[in-house]
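When a residue number appears, it is its place in the shown sequence, counting from 1.
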Amino acid sequence: MDLLNTLVDKGLRRETPTRGEALAVLATSDDDLLDVVAAAGKVRRHWFGRRVKLNYLVNLKSGLCPEDCSYCSQRLGSRADILKYTWLKPDQASQAAAAGLAGGAKRVCLVASGRGPTDRDVDRVSDTIKAIKERHEGVEVCACLGLLSEGQAERLREAGADAYNHNLNTSESTYGDITTTHTYADRVDTVQKAHAAGLSACSGLIAGMGESDEDLVDVVFSLRELDPDSVPVNFLIPFEGTPLAKEWNLTPQRCLRILAMVRFVCPDVEVRIAGGREVHLRTMQPLALHLANSVFLGDYLTSEGQAGKADLEMIADAGFEVEGTDRVTLPEHRVGGGCGSHEGGTVCGSHDGGGVCGSASADTDAEAGAGAVDETVRQADGPRTDLVAVRRRGAGTDLAPNA
């Protein structure tokens, strides 16, 4: 297929596809799906080999968020029966992180619900970062605390944070349809603050909220322009008790096409399969490893994920290897601090690192699903609500975490 040959060539040169080419990937048929995966897989292997980076979430403060993000189980007015607790102490958070690190994770993602941190909250998180780094040599720490005020990103950097996550989630033109308590511009501003402070920026999307193909392409091109080192792709988990509980727009094939499109648009960036992979990719998760080079290990913020042992077995059975702390995730040209423009087009980045979540209302759990509004959803027996399980273990409980 000429389209796929063109996209592979552009991906190996770090050249930006056209919007038409990105839309064409999303419009490919199921008959062409394996060809799409194989083509995007060439780009993924060129920049990241067969390595898979494992990331582990610690929900520092769960529920009771004043923001109204429609996808989020922690939102204002949510009736989802999730865990609710206030800030974990540094030693509690460090202990929770240890489980994921023992399971093979090299990055810990510290997330807290809320609009954004107070200065006292930044102090709390700074103490937690120091506690984790004192006990675990070589670990990366990403913070996801919502909208940042002036100087807060710098303070997190000084405390030892490597990255900051804040997702764009959807296109600018439709952002007001899912959230009214803050703006798309607010999110862009926080990602820029993280960049300016020297933190590795992590920013991604949620697919499956009823958006069109054009919306998906818009947000991915906006992310490329923002130049994060890490792009988490969430698939909506429609939690009962949230406004998007009935949005089951996804098929495994649709998820794979979205991941392939993201890889083609951001070829040399850490693409992470985030919340919702178990719900929507299901038995096709191993194919997604040919597109993304990063996943979350174990549970998410408010929902349960696949067993950590099963994650590791899946990675090994698919012929991939867990990336160790001795390896640098990103290609050398990105770690070195700048790719600038390249022959044939602009490139995807000039900073150093990777990350996770969103408006501290928990975008990684953000539960994303995909789908052009007009796509026929082919769920064998209807929506797989049986796969949506509220987290009852790990951080904020007395039960052992899943890692």
Side-chain angles (χ1 to χ4, degrees), residues 44-45 47-59 93-111 129 132-133 135-144 161-165 200 202 204 228-235 259 262-263 269-278 281 285-301 303-331 335 353-357 363-365 391 393-395 400-403:
R44 180 255 200 262
R45 288 192 301 278
W47 296 112
F48 299 98
R50 303 190 75 84
R51 292 175 286 120
V52 178
K53 181 177 182 176
L54 298 182
N55 309 268
Y56 190 69
L57 283 166
V58 177
N59 196 354
S94 180
Q95 186 176 354
L101 296 171
K106 65 181 289 185
R107 168 164 288 188
V108 174
C109 305
L110 303 175
V111 189
I129 294 169
I132 292 172
K133 292 215 160 190
R135 299 175 196 178
H136 303 283
E137 184 177 357
V139 66
E140 298 175 8
V141 177
C142 177
C144 175
D162 300 283
Y164 195 84
N165 168 263
S200 170
C202 171
D229 292 315
S230 176
V231 176
V233 180
N234 293 277
F235 300 109
L259 287 167
V262 174
R263 174 56 71 198
V269 167
E270 177 189 343
V271 175
R272 183 176 311 159
I273 316 170
R277 64 179 165 97
E278 299 89 345
L281 281 162
Q285 289 181 70
L287 275 181
L289 296 176
H290 291 273
L291 308 170
N293 62 298
S294 181
V295 299
F296 281 108
L297 177 72
D299 292 336
Y300 302 97
L301 298 176
S303 62
E304 290 187 357
Q306 184 167 281
K309 183 174 183 290
D311 286 336
L312 298 176
E313 289 174 349
M314 176 182 72
I315 290 167
D317 288 348
F320 292 87
E321 61 178 352
V322 173
E323 181 177 286
T325 55
D326 59 327
R327 299 293 300 272
V328 176
T329 300
L330 295 172
V335 177
V356 179
C357 330
D363 297 353
T364 17
D365 214 13
R391 180 175 68 84
R393 59 196 174 195
N402 172 30

* Before giving the answer on side chain to side chain contact (heavy atoms under 4.5 Å, CB included), spell out for I315 and L54 the whole-Å C-alpha distance, their side-chain angles and the decisive distance to 0.1 Å. => CA-CA 10 Å; I315 290 167; L54 298 182; 3.7 Å; yes
* To do: Give a yes or no on this: more than 12 heavy atoms of other residues, nucleotides or ligands lie within 6.0 Å of atom CD of Q95.
  => no
* Does R50 use its side chain to pair, donor to acceptor, with the backbone of G319 at less than 3.5 Å? -> yes
* To do: Can you measure from SG (C144) to CG (L301) and round to the nearest 0.5 angstrom?
  => 7.5 Å
* Contact check, side chains of S230 and S200, non-hydrogen atoms, under 4.5 Å -> no
* **Spatial distance of atom CZ (R135) from atom CG (L101) [nearest 0.5 Å]** => 12.0 Å
* To do: Apply side chain to side chain contact (heavy atoms under 4.5 Å, CB included) to the pair F320 and H290, showing each step before the final yes or no.
  => CA-CA 9 Å; F320 292 87; H290 291 273; 3.7 Å; yes
* Closest approach of Q306 and E278, non-hydrogen atoms and distance? -> N-OE2, 2.9 Å
* Quick one: do H136 and V141 satisfy side chain to side chain contact (heavy atoms under 4.5 Å, CB included)? Show the steps, please. => CA-CA 11 Å; H136 303 283; V141 177; over 6 Å; no
* Of all the heavy-atom pairs spanning F296 and Y56, show the shortest one and how long it is. => CD2-N, 4.3 Å
* **N234 versus A274, closest heavy-atom pair with distance** => OD1-CB, 3.2 Å
* Name all residues meeting the salt bridge (Lys or Arg N to Asp or Glu O under 4.0 Å) criterion together with E321; count only those two or more places apart in sequence or in a different chain, and write none if there are none. => none
* To do: Please name the pair of heavy atoms, one in A395 and one in V58, separated by the smallest distance, quoted to 0.1 Å.
  => CB-CG1, 4.5 Å
* Distance (rounded to the nearest 0.5 Å) between I132 CD1 and L110 CG -> 4.5 Å
* salt bridge (Lys or Arg N to Asp or Glu O under 4.0 Å) partners for R393, two or more places apart -> D299, E304
* Search all heavy atoms of N402 against all heavy atoms of G305 and return the closest pair with its distance. => ND2-O, 3.5 Å
* **Side chain R44, main chain G49, donor-acceptor under 3.5 Å** => yes
* Asked: Do you see a donor-acceptor pair shorter than 3.5 Å between the side chains of E270 and T329?
  -> no
* **Atom pair NZ (K106) and CG (N55), whose distance is rounded to the nearest 0.5 Å** => 9.5 Å
* For side chain to side chain contact (heavy atoms under 4.5 Å, CB included), just list the numbers for N59 and R391, CA-CA rounded to whole Å, side-chain angles, deciding distance to a tenth of an Å, and then say yes or no. => CA-CA 11 Å; N59 196 354; R391 180 175 68 84; 3.8 Å; yes
* Asked: Is there a side-chain contact between V231 and V262 (heavy atoms, below 4.5 Å)?
  -> yes
* **From CD (E323) to CG (N293), nearest 0.5 Å** => 7.5 Å
* **Value rounded to 0.5 Å, distance of CG in L281 from CG in L259** => 6.5 Å
* Structure fact -> On a heavy-atom basis, the closest approach of R263 and A292 is NH2-CA, 4.1 Å
